[in-house]
Structures are given as structure tokens and as C-alpha cells.
Amino acid sequence: MSFKIIDGKEIADSLRGELAKKADQYSKKYGKKPTLAVVKIGDNPATKIYVNMKEKACNDNGIEFIGHYHEKISEEELIELIENLNNDEKVNAILVQLPLPEDIDDNEIIEKINPEKDVDGFTYYNVGSMYTGTERLLPCTPLGVIRMLERSGIEIEGKHAVIIGRSNIVGKPLAALFLKRHATVTVCHSRTKNLKEHTRNADILCAATGVPKMVKASMVKKGAVVIDIGISRVDGKVVGDVDFDNVKEKASYITPVPGGVGPMTITMVIHNTLQAALSQKGEYL
Ligand code: GUN
């Protein structure tokens, strides 16, 4: 079967070009750039890489990036920092990079972010809006997946989307976005029995498990669209959740790792920062 690789980098670059123009228009109109504050706590090397990529993407596309980096901080100090960012008129969007150190409760901290500045769409207000179908600020990775499918001309309505993974950051919100777009949705996870029986029914199969190459060709229906949201390092090489070389032979479309969903996630950080900045002025992106 001939397959098509969805080039996430190319789609992301084209979207970034469009967003950069809109960020520039915003800056000219309001005399300041849309501004994102990113909070990073601890010294997790993966977290550092993600945050650096977000910083570069913002700098290259007309978004002001303010980093608040702390090796160690108490929960009280972190809450105070977020409250200061909530009250800072210059700051349009706030991102607290997860996971936080073990002694700090992620949910408690996220809930302190003003929902209008919640660039990840992680606060209960934005999650509730998403589930009830009024989409406000949406989580960046799921939104990136949807934009990628749209830009590739892949229809979602009426399709059976199967998601492996049920995290709050990817699996659960992606299910909500597919439902809103009229897909039939199955969410599988580590306790799912007979995983293959579910995945083989997928028109669109999304893997977000963090288990390298766990999606094998035998788990995929011929002609399926395969979206790899995983990222792991094996023997110094970056790999996804999908056994790409074998699965590609059965897929109609497939995303690579790296160069698939990753660049789309970063682009959605820019998108959401701009959306937050405009919406604070009563405008829409
Ligand atoms: N850690 C892994 N992915 C994400 C994300 O999308 N947002 C935040 N804030 N932390 C993450």
C-alpha cells in the first residue's frame, strides 16, 4: 500500500508564518508583543529541551517569551509567582511546564492560573468548556493533532478514532476534540484487554503511551491514518510509539518521529498565546 508521510514540520512552518503575521499586527496595534510567561521548576533535562524549543519558536514568530526558571521553589512561592503573573498586564499567557517536582501538586498549581491566560487549556474552566463543546483555550498537543489532520485534508466526521493513552495532557482531551468533530471515539490504556481488537478497528489511530514502538503492523487496519504522539529516546535515538518502518506499509497516512506531532505542539503554544492576547482585547484569532 502506498502511504503518505504527514510532514509535521512543514505544516507547522506554514502555520507559524501565518501566526507570525498576526502577532506582528497585534504588536503594531497594541504597542507590545503578545507575551508568554513560562515557569520551569527543577532540572529535568527533557523539560529543559521542551522549554528551550518553545522559547525559540516564540522568539522567531513575534511572541515575547519570559522565562521564570527555578531549581527549587516551595508550593507557596510558586503560587505567589503565578498570582503575580496573573496580575501582570504585560503577560497574556502563562505556561507551567509539567511535570512539577514530586512535592508540588500539579493540579493545585494549574488551578491558580487565570483561565484567560491558561495557554495549555489545563484549568478546570477550560477543560469543562472543552468537554461541553465550547472550545476556548485547548491543550496544545491535541489541538496540534487536529490541525495537522485538517491541513492534510483528512476528514474526521464519521471516522472511528482510537486513542491509546488516557493522560490529561493528550489522550483525554484528544478524545473530546474528536467527539466534538463527530468522530466515534475509543480510548484504550494500559489496562485495556485485547488492545489489538480495538486498534484494528481504527480509521484514525493515535498513540500517546511513551512506550517506544509499541504499535506494531498487526495492530493496524489497512489504510488507517496513524498519528504518533509518543517520544522516547532509545540508544540515543529519538523514537515514537509506532514501529514506523513496518506500520507505514499498512497506513494511508503516518506521522514520523521526530518531525511529526512535536513541531505542531510548539506551534499551538504560539497559537494559544496569540488567541489569549487577542481575546483579552475582545478580539478573535
Ligand atoms: N509536559 C509535557 N507536555 C506538556 C504540555 O503540553 N504542557 C505543559 N505545561 N507541560 C507539558
Side-chain angles (χ1 to χ4, degrees), residues 8 12 15 35-58 63 65-70 73 78-79 81-82 85-86 91-102 104-127 130 135-148 163 165-177 206-211 227-233 238 240-241 257-258 260-273 275-276:
L15 284 170
T35 300
L36 170 67
V38 171
V39 177
K40 174 172 77 70
I41 311 296
D43 58 359
N44 180 327
T47 295
K48 190 168 173 216
I49 293 172
Y50 293 137
V51 169
N52 287 348
M53 288 195 291
K54 288 173 186 175
E55 178 167 10
K56 181 171 182 341
C58 286
I63 305 288
F65 181 101
I66 304 172
H68 288 272
Y69 304 155
H70 298 269
I73 193 169
L78 181 51
I79 290 170
L81 169 59
I82 290 171
L85 295 172
N86 283 338
V91 172
N92 302 109
I94 302 168
L95 187 152
V96 177
Q97 188 68 27
L98 302 177
L100 288 166
E102 273 181 10
I104 300 180
D105 179 341
D106 290 2
N107 285 334
E108 180 128 351
I109 296 302
I110 295 299
E111 217 31 51
K112 297 292 186 245
I113 300 173
N114 177 346
E116 288 189 8
K117 297 189 177 187
D118 169 25
V119 76
D120 275 312
F122 287 169
T123 54
Y124 297 147
Y125 178 82
N126 284 318
V127 172
M130 176 182 68
E135 296 186 339
R136 298 178 199 275
L137 289 164
L138 296 170
C140 295
T141 301
L143 181 59
V145 170
I146 297 293
R147 289 279 182 273
M148 184 181 226
I163 301 162
R166 55 174 162 174
S167 70
N168 290 335
I169 294 180
V170 182
K172 281 190 232 166
L174 183 55
L177 301 196
C206 300
T209 67
V211 180
I227 306 294
D228 191 346
I229 311 171
I231 183 154
S232 316
R233 216 165 250 285
V238 174
D241 289 357
V257 175
V261 174
M264 293 299 296
T265 296
I266 308 269
T267 304
M268 293 306 117
V269 175
I270 300 170
H271 174 278
N272 284 1
T273 300
Q275 182 184 335

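When a ligand or atom number is given, it counts from 1 through the structure's own listing order.
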Closest protein heavy atom to [atom], given as residue, atom name and distance to 0.1 Å:
atom	result
atom 3 (N) of ligand 1	I169 CG2, 4.0 Å
atom 10 (N) of ligand 1	L98 N, 3.0 Å
atom 7 (N) of ligand 1	D120 OD1, 3.1 Å
atom 11 (C) of ligand 1	Q97 NE2, 3.4 Å

Check: Q97 and N44 side chains under 4.5 Å, non-hydrogen atoms: no
pair T265-I229: side-chain heavy atoms closer than 4.5 Å: no
Y50 heavy atom under 4.0 Å from ligand 1: no
Audit row: V38, H68, side chain to side chain contact (heavy atoms under 4.5 Å, CB included) steps and yes/no: CA-CA 6 Å; V38 171; H68 288 272; over 6 Å; no
Any residue meeting side-chain contact (heavy atoms from CB on, under 4.5 Å) with V238, in chain and number order, not counting sequence neighbours: I231, R233, V257, P258
Side chain to side chain contact (heavy atoms under 4.5 Å, CB included) assessment of V51 paired with F65: CA-CA 10 Å; V51 169; F65 181 101; 4.1 Å; yes
Atom pair CG/CG of L100 and D106 - distance to nearest 0.5 Å: 4.5 Å
Per-atom contacts of ligand 1 with F122, taking only distances under 4.0 Å to non-hydrogen atoms: 7 (N), 8 (C), 9 (N)
Polar proximity ligand 1 side, V96 side, N/O cut 3.5 Å exclusive: yes
